[in-house]
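Positions are given from 1, in the same order as the sequence printed here.
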Amino acid sequence: YEIASGDWSSDVCSSDLFPSHDNASSKKTNGPTPIQLILRWDNKKLVYSTRETIDPEHFEMDKTKRNYQRAREVRMFPEHSELNIRLNWFESVARAVFRKFLNDNDNRSPNPRELKELLDVKVRNASEKQKPSFFEFFETHIEESTKKINNETGRKFAKGTIYSYKSTLKNLRDYSIAKKIRIDYDTIDLEFYHDFMEYLTYEKGYSNNSLGRIIKTVKSVLNEATERGYNSNLTFRSKRFKKLAEDVDAIYLNTKEIKELFELDLSANSRLENARDWLVVGTQTGLRFGDLTSMDKSCIKENTIEVKTQKTGQVVVIPILPMVRQILDKYFGKTLNSLPKTFIVTGK
């Protein structure tokens with residue numbers, strides 16, 4: 001049995017109120033029966049409990065009558081007027097929640113889960129604290145990323161990705177403290193975007209490419225939070241909430257310069273000598289520093305280096321060129337993989 005208010009033409013949505021009964025039985029039930037609010041839009045459907053009940057005999061189902069899908073005015077059910085006011089309220093709340101979602105999300109219609117969560121907040125007074133805050137989810141996401149597989153690549157998250165997550169979270173917290181503002185799903189709008197970019201540019205001194213990496217990470221985490229139903233604010237998907245980038249000058253060494261650097265006597269400064277050797281190995285193999293430092297001695301073959309790269313997960317085979325061979329011989333027996341000692345760059 002349904003109580004319809006008709007199409008919401010501006011929302012492309014319609015609502016019904018429906019006294020549910022056992023679908024397994026073709027017989028109508030008597031006695032108190034739950035009334036369901038049924039919402040339909042864009043080929044989607046949500047059945048939402050009003051927690052109201054009615055005897056089906058007291059429910060108007062004749063579409064030709066004015067009170068179609070409302071409690072009937074009968075002597076045996078004097079509370080019909082109060083119940084109908086309550087049912088009207090349910091429909092008006094659903095209409096308002098649906099419209100607000102459209103306004104807040106660039107006219108994108110919600111999915112059933114999103115609409116149910118918003119109705120719970122309005123109708124059930126559900127606490128927003130039942131879901132993790134943005135910072136809490138960000139921390140959890142970082143922790144999970146150290147253990148799970150990246151769905152996009154089918155491989156573990158690279159160490160660089162984890163580092164980017166941690167760095168971005170720190171920048172967000174620093175910004176929150178410096179500006180004395182709350183950061184959560186509902187506050188991450190275009191105003192936040194522009195102010196955060198200004199803070200990172202003028203107070204942190206970041207380049208556009210660095211800003212782009214930070215915004216890319218924020219959008220990635222918000223996407224995950226949205227998929228899990230924690231976030232319904234989709235401003236971050238706006239074209240104006242964009243990842244910045246800029247052209248950079250590519251500085252490189254030619255073969256002659258690399259050879260001169262390799263032959264430079266740095267024996268008086270072991271730290272510089274170690275760093276120089278790493279640079280030469282990098283230029284002669286084309287490997288990222290993270291791939292080089294993760295290699296063990298099994299990666300060093302007779303005439304080649306074989307390593308599984310962190311970014312692509314593919315195994316690459318690289319010939320050992322003369323300068324690399326001399327460096328391997330130089331550190332043989334001094335380090336576990338015959339490569340220069342690793343070092344840590346410290347800073348702010």
Side-chain angles (χ1 to χ4, degrees), residues 96-111 113-122 125-145 150-152 157 160-246 248 348:
V97 165
F98 189 88
R99 283 178 172 166
K100 185 176 187 304
F101 188 96
L102 293 179
N103 292 335
D104 291 345
N105 296 279
D106 294 330
N107 213 39
R108 179 183 76 84
S109 63
N111 60 45
R113 183 181 62 185
E114 289 172 327
L115 190 56
K116 180 183 182 302
E117 289 177 352
L118 293 174
L119 282 172
D120 281 342
V121 173
K122 289 292 184 182
N125 293 319
S127 172
E128 292 283 357
K129 294 182 179 179
Q130 292 179 348
K131 64 183 180 183
S133 68
F134 175 64
F135 281 158
E136 289 171 341
F137 175 73
F138 208 138
E139 290 177 339
T140 301
H141 186 58
I142 292 173
E143 178 63 25
E144 290 177 348
S145 297
N150 186 335
N151 290 332
E152 294 182 1
F157 283 86
T161 301
I162 304 299
Y163 175 81
S164 181
Y165 284 155
K166 292 180 178 178
S167 176
T168 298
L169 179 57
K170 182 180 185 305
N171 278 312
L172 286 166
R173 283 188 164 136
D174 289 347
Y175 167 73
S176 177
I177 294 171
K179 299 293 184 177
K180 298 180 180 179
I181 62 172
R182 177 181 66 89
I183 296 179
D184 212 336
Y185 305 111
D186 62 313
T187 69
I188 302 178
D189 51 20
L190 290 175
E191 183 178 351
F192 157 84
Y193 168 81
H194 292 299
D195 196 51
F196 187 42
M197 291 296 94
E198 186 175 298
Y199 166 79
L200 293 175
T201 301
Y202 296 108
E203 297 191 38
K204 290 278 191 173
Y206 287 144
S207 67
N208 277 357
N209 286 334
S210 294
L211 298 181
R213 285 190 290 271
I214 292 170
I215 289 302
K216 179 182 178 181
T217 301
V218 171
K219 291 167 73 75
S220 173
V221 174
L222 283 172
N223 262 321
E224 183 66 22
T226 302
E227 289 297 318
R228 299 193 190 190
Y230 300 144
N231 171 56
S232 59
N233 175 15
L234 301 183
T235 306
F236 74 96
R237 291 179 178 171
S238 166
K239 292 181 179 179
R240 290 187 288 168
F241 203 108
K242 59 184 179 181
K243 169 190 170 184
L244 302 178
E246 63 185 6
V248 297
K348 295 178 71 175

Nearest-0.5 Å distance that lies between atom [atom1] in [X] and atom [atom2] in [Y]:
X: E198; Y: L211; atom1: CD; atom2: CG; result: 11.5 Å
X: R99; Y: N107; atom1: CZ; atom2: CG; result: 12.0 Å
X: L200; Y: S210; atom1: CG; atom2: OG; result: 9.5 Å
X: K116; Y: N111; atom1: NZ; atom2: CG; result: 12.5 Å
X: R173; Y: E139; atom1: CZ; atom2: CD; result: 4.0 Å
X: I214; Y: K204; atom1: CD1; atom2: NZ; result: 8.5 Å

Are [X] and [Y] close enough that some pair of their side-chain heavy atoms sits under 4.5 Å apart?
X: F135; Y: L172; result: yes
X: S232; Y: L118; result: yes
X: E203; Y: K179; result: yes
X: F236; Y: L234; result: yes

Least distance between heavy atoms, [X] atom then [Y] atom:
X: D186; Y: R182; result: OD2-NH2, 2.9 Å
X: Y165; Y: S145; result: CE1-OG, 3.7 Å
X: I142; Y: L169; result: CD1-CD2, 3.9 Å
X: R213; Y: S164; result: O-OG, 4.4 Å
X: Y199; Y: N171; result: CE2-O, 4.2 Å
X: Y185; Y: N231; result: CB-OD1, 3.3 Å

Quick one: is the NZ or CZ of R240 closer than 6.0 Å to the six-membered ring centre of Y193, and within 45° of its axis?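 No, R240 does not sit over the ring of Y193.
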Kindly indicate, with the supporting measurements, whether the criterion side chain to side chain contact (heavy atoms under 4.5 Å, CB included) is fulfilled by F196 and I188. CA-CA 10 Å; F196 187 42; I188 302 178; over 6 Å; no
Taking the side chain from N105 and the backbone from F101, do they hold a donor-acceptor pair closer than 3.5 Å?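 Here the side-chain-to-backbone pair exists.
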Polar side-chain atom of S167 near backbone of Y163 as donor-acceptor pair, under 3.5 Å: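 No, because the side chain of S167 does not come within donor-acceptor range (under 3.5 Å) of the backbone of Y163.
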May I ask you to decide if the ring planes of H141 and F137 are parallel, tilted or perpendicular, using 30° and 60° as cut-offs?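 Taking F137 first and then H141, their aromatic rings lie parallel (interplane angle under 30°).
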Mutual orientation of the aromatic rings belonging to F192 and F241 [parallel < 30°, tilted 30-60°, perpendicular > 60°]: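 Parallel: the ring planes of F192 and F241 meet at under 30°.
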Regarding N209 and S207, do their side chains bring together a donor and an acceptor under 3.5 Å, going by distance alone?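 No donor-acceptor contact under 3.5 Å links the two side chains.
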Of all residues at least two apart in sequence or in a different chain, which pass the salt bridge (Lys or Arg N to Asp or Glu O under 4.0 Å) check with R228?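 Per chain and number, R228 pairs via salt bridge (Lys or Arg N to Asp or Glu O under 4.0 Å) with E144, E224.
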Walk me through it: do N233 and D104 pass the test side chain to side chain contact (heavy atoms under 4.5 Å, CB included)? CA-CA 7 Å; N233 175 15; D104 291 345; 5.8 Å; no
Would the number of heavy atoms belonging to other residues, nucleotides or ligands and lying under 6.0 Å from NZ of K219 be above 12?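 Counting other residues, nucleotides and ligands, NZ of K219 exceeds 12 neighbours.
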Quick check: are there more than 12 heavy atoms from other residues, nucleotides or ligands sitting under 6.0 Å from NZ of K166?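 No, because the 6.0 Å sphere around NZ of K166 holds 12 heavy atoms or fewer from other groups.
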Before you tell me yes or no, could you show the steps for F138 and T217 under side chain to side chain contact (heavy atoms under 4.5 Å, CB included), namely the whole-Å CA-CA distance, both residues' side-chain angles and the distance that decides it to 0.1 Å? CA-CA 10 Å; F138 208 138; T217 301; 4.2 Å; yes
Among D106, T226, N223, which one satisfies side-chain hydrogen bond (donor to acceptor under 3.5 Å, both in side chains) with R237?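 So the option named by the test is N223.
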